[in-house]
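Accompanying notes for the structure given below.
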Amino acid sequence: MSALSCCADCGALVNDLDGPQHPYLSATPGCWALFCSLEDWKLGLVASGDVAVAQDLVDAYAAQHPTNTDRRNRQSVAVHLMSLCAAVEAGLSGTDRRAAIGRWAHHDYPPLVPSPCHFEVTASDVAAAPTQGRAATVQRMAANTWTAWSEHHATIRGWLASGGPSPPQ
């Protein structure tokens with residue numbers, strides 16, 4: 001049994017592990033391992049046609065790990081927040097959001113500061129939920145994550161309207 005630690009970005013209580021980490025998301029090894037443990041379930045969702053819930057999970061997880069200032073992480077946080085906005089506020093399907101992320105990703109996004117320091121629903125809650133309750137937990141995670149970024153909603157909506165940030169002047 002591993003000791004527990006708190007992921008510094010999302011606030012999830014996870015196993016305190018040494019191990020692989022995402023190349024640019026700032027999740028702890030225990031948080032990343034927990035998210036990866038949901039991969040088979042997520043792939044099953046996609047195979048059954050429930051792309052929206054799978055996309056919500058990826059979007060919320062990425063948006064909950066914003067503190068690495070690497071260009072790839074800034075881009076990831078931005079496009080996944082744009083995807084959450086498109087889902088929560090416009091009802092865009094998971095399939096359409098996946099396609100849009102490919103178009104949105106080719107910009108250099110500025111960091112969104114300050115970022116939230118705690119999230120009410122994390123991958124830990126999704127993993128702990130019974131399989132039949134996971135989709136509802138993911139939907140809460142996505143909605144709560146979008147709400148937590150409320151200070152930046154106008155910026156994100158602007159990016160959505162224009163397809164990305166304006167180049168620096």
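Atom SG of Cys7 sits about 10.5 Å away from atom CG of Leu13, to the nearest 0.5 Å. Note that CG of Leu112 and CG of Leu81 are 6.5 Å apart. Values are rounded to the nearest 0.5 Å. Once rounded to the nearest 0.5 Å, the distance linking NZ of Lys42 with CG of Leu57 reads 6.5 Å. The CG atom of Leu160 sits 5.0 Å away from atom SG of Cys85, with the distance rounded to the nearest 0.5 Å.
When every heavy atom of His152 is checked against every heavy atom of Pro114, the shortest pair comes out as NE2-O, 2.8 Å. Of all heavy-atom pairs spanning Ala87 and Asp56, the tightest one is CB-OD1, 4.1 Å. Across all their heavy atoms, Ser124 and Ala12 have their closest contact at CB-CB, 3.9 Å. Tyr109 and Gly163 make their closest contact through OH-O, 4.3 Å (heavy atoms, listed as atom of the first residue, atom of the second, distance).
For the pair Asn15 and Leu4, the minimum side-chain heavy-atom distance is below 4.5 Å. Ser115 has its side chain within reach of Trp149: a pair of non-hydrogen atoms, C-beta onward, lies under 4.5 Å apart. Residues Val14 and Thr28 meet the side-chain proximity criterion, which asks for heavy atoms closer than 4.5 Å. The closest side-chain heavy-atom distance from Met141 to Asp125 is not below 4.5 Å. Counting only heavy atoms from C-beta outward, the side chains of Trp41 and Val53 approach each other to under 4.5 Å.
In this structure, Ser37 contributes its side chain and Leu34 its backbone to a donor-acceptor pair below 3.5 Å. Asn73 contributes a side-chain N or O that, together with a main-chain N or O of Asn68, makes up a donor-acceptor pair within less than 3.5 Å. Counting only distance, with no hydrogens or angles, the side chain of Ser76 and the backbone of Arg72 share no donor-acceptor pair below 3.5 Å. A donor-acceptor pair under 3.5 Å is formed between the side chain of Arg134 and the backbone N or O of Val126.
The same ILVMFWY cluster, assembled from side-chain heavy atoms under 4.5 Å apart, contains both Val88 and Trp104. Using a 4.5 Å cut-off between side-chain heavy atoms of Ile, Leu, Val, Met, Phe, Trp and Tyr, with links allowed through other members, Val77 and Ile156 fall into the same hydrophobic cluster. The hydrophobic clustering, which links ILVMFWY residues whose side-chain heavy atoms are closer than 4.5 Å, places Val51 and Ile101 apart.
The aromatic ring centres of His153 and Trp146 sit less than 6.0 Å apart.
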What donor-acceptor contacts under 3.5 angstrom involve side-chain atoms of residues 58-65, with partners at least two apart or in another chain?
residue: Asp59; atom: OD1; partner: Gln55; partner atom: NE2; Å: 2.7
residue: Asp59; atom: OD1; partner: His80; partner atom: ND1; Å: 2.6
residue: Asp59; atom: OD2; partner: Ser83; partner atom: OG; Å: 2.5
residue: Asp59; atom: OD2; partner: Arg97; partner atom: NH1; Å: 3.0
residue: Tyr61; atom: OH; partner: Cys31; partner atom: O; Å: 3.4
residue: Gln64; atom: NE2; partner: Val121; partner atom: O; Å: 2.8
residue: Gln64; atom: NE2; partner: Thr145; partner atom: OG1; Å: 2.9
residue: His65; atom: ND1; partner: Tyr61; partner atom: O; Å: 2.7

For residues 17-26, dump all side-chain donor-acceptor pairs below 3.5 Å to protein atoms at least two apart in sequence or in another chain.
residue: Gln21; atom: NE2; partner: Ala27; partner atom: O; Å: 3.1
residue: His22; atom: ND1; partner: Tyr24; partner atom: N; Å: 3.0
residue: His22; atom: ND1; partner: Leu25; partner atom: N; Å: 3.0
residue: Ser26; atom: OG; partner: Asp9; partner atom: OD2; Å: 2.0
residue: Ser26; atom: OG; partner: Thr67; partner atom: OG1; Å: 3.0

>> What verdict does the side chain to side chain contact (heavy atoms under 4.5 Å, CB included) test give for Gln75 and Asp70, after you've listed the backbone C-alpha separation in whole Å, the side-chain angles of each residue and the deciding distance to 0.1 Å?
In response: CA-CA 9 Å; Gln75 174 182 299; Asp70 180 279; over 6 Å; no
Practice prompt. Tell me, with the steps shown, if Glu89 and Arg157 meet salt bridge (Lys or Arg N to Asp or Glu O under 4.0 Å).
Written response: CA-CA 10 Å; Glu89 295 187 359; Arg157 289 179 188 120; 2.6 Å; yes
